[in-house]
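Counting starts at 1 for both ligands and their atoms, following the listed order. A quick note: this is a predicted structure, and the numbers were derived from the prediction, not measured. The first residue of the sequence shown is numbered 1, and numbering continues consecutively from there.
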Amino acid sequence: MDKQEAIAKLETLREQLNQFNYEYHVLDKPSVSDQEYDMKMRELKDIEEQYPELITPDSPSQRVGGEPIDAFQKVQHNIPMLSLGNAFNEEELRDFDRRVREGTDATNISYVCELKIDGLAISLRYVEGLLERGATRGDGKTGEDITTNLKTIRSIPLKIKETQPIEVRGEAFMPTKSFQALNEKREQNGEDLFANPRNAAAGSLRQLDPKIAASRNLDIFIYSVGEWEAGELASHSERLAYLKELGFKINPETKTCKSIDEVIEYVQYWTEHRPDLSYEIDGIVIKVDQIDIQDELGFTAKSPRWAIAYKFPAEEAVTKLTDIELS
Ligand SMILES: NC(=O)c1cnc(OC2CCCC2)nc1N
């Protein structure tokens, strides 16, 4: 194959493979068999081997990087990644709603409810549509550049159609079944076990060798926008819809509620149905939907006034207590 043919063929293969990857890992609706995917990937890698100068950063062959790095670089978050205030019961949720209403003259206030994924907060920055940097939250202002490891998460697009610089944020996590399988294998190998999926995900993303991270079956749900010059969408729910359109994985249980009563119904539902999920959550995040009201409410020193995390009772503590009582 001559170089011109290789350029055209690679472009087609990249688009096809990235689409197949999106269908499988984001939509959970593959349109081709694993064999067909593997065949096309082999075809792409063979051409890239013949013409390495034709390899692009968004090529699916670039997901699992080359050699391990020797350390993670520190990165600054231009917009701090904030923590959330907590509510532990219905009354504290109603107090939150009251504080929101006292903080604005607006009367039409809706809330977006999101499952609080129990993983680690991540920032992804795209420049001219290409994934340029992935970082941990760190202390909210300074995180670590773990781009090579985050590229191994198949539900993270390597290229998006938004050409303006945009930073998105989400929670990287390890599905429960992957966590159980990983600990089973570690037990067989006489290695220390991870205490929970959050630690397993954090430990996997702290590996200097991207091949290890790639083997850990990590996933991510995107839940907000950080830096985005072009961002003028008026509500959080519209922003999530746009992120979904860009190809990001948005949690399907996310729901816009018209009142705090509806929020409480959502909280009660997921308190009961939490065990049905294929990943761990430690609560529900509730955010004012209207961006102008978010801006009016602003932030405390470390948290937004327009969001709160309802936390489930810590079950492991309860389990231990029960064990003691029963023994
Ligand atoms: N763990 C989660 O699932 C989660 C964490 N954080 C946020 O929101 C940030 C951005 C605005 C305030 C905190 N949303 C979430 N769903």
Side-chain angles (χ1 to χ4, degrees), residues 77-87 93 96 99-100 103 110-125 135-141 143 150 153 155-156 166-176 196-202 205 218-228 231 233 235-244 248-257 263 266-267 270-271 273-274 277-312 314:
H77 297 296
N78 298 332
I79 298 179
M81 293 181 72
L82 297 167
S83 55
L84 283 157
N86 293 330
L93 284 174
F96 166 68
R99 289 196 300 274
V100 165
S110 47
Y111 292 112
V112 177
C113 290
E114 302 170 10
L115 300 184
K116 188 170 182 299
I117 312 302
D118 194 5
L120 59 157
I122 292 300
S123 157
L124 299 169
R125 201 164 67 183
T136 62
R137 175 179 177 278
D139 65 6
K141 287 194 174 45
L150 286 172
I153 299 181
S155 54
I156 291 178
I166 184 169
E167 180 210 4
V168 301
R169 292 161 175 194
E171 199 84 2
F173 65 95
M174 185 180 289
T176 308
N196 53 53
R198 175 171 35 81
N199 288 5
L205 288 171
L218 297 172
D219 204 340
I220 193 166
F221 284 119
I222 300 298
Y223 53 60
S224 82
V225 179
E227 293 177 271
W228 183 27
L233 294 170
S235 70
H236 178 62
S237 44
E238 283 168 302
R239 288 182 176 184
L240 290 178
Y242 182 61
L243 292 174
K244 185 172 182 178
F248 290 108
K249 192 167 185 173
I250 307 300
N251 190 282
E253 312 307 341
T254 302
K255 183 174 185 244
T256 303
C257 296
V263 167
Y266 182 93
V267 165
W270 285 107
T271 300
H273 290 82
R274 180 182 178 195
L277 292 164
S278 61
Y279 45 85
E280 290 201 358
I281 62 173
D282 60 341
I284 306 289
V285 180
I286 299 122
K287 302 170 183 175
V288 169
D289 195 19
Q290 291 80 4
I291 298 300
D292 55 348
I293 301 177
Q294 287 189 10
D295 293 344
E296 200 177 354
L297 294 170
F299 303 86
T300 66
K302 58 184 179 50
S303 302
R305 289 197 184 90
W306 42 266
I308 196 154
Y310 170 81
K311 302 284 284 192
F312 296 128

Within the 4.0 Å heavy-atom sphere of ligand 1, strictly under, residues: Leu84, Glu114, Leu115, Lys116, Ile117, Glu171, Tyr223, Val285, Lys287, Pro304, Trp306
Pair Tyr242 and Trp228, ring centroids less than 6.0 Å apart: yes
Ring centroid separation Tyr266 to Tyr111 under 6.0 Å: no
Gly85 versus Ile308, closest heavy-atom pair with distance: O-CG1, 3.4 Å
Pairs meeting criterion salt bridge (charged side-chain N to carboxylate O under 4.0 Å, His left out) with involvement of residues 283-296, two or more places apart: Glu114-Lys287
Under 3.5 Å donor-acceptor, Glu171 side chain and Asp118 backbone: no
From CA spacing to verdict: salt bridge (Lys or Arg N to Asp or Glu O under 4.0 Å), Lys255, Glu253: CA-CA 6 Å; Lys255 183 174 185 244; Glu253 312 307 341; over 6 Å; no
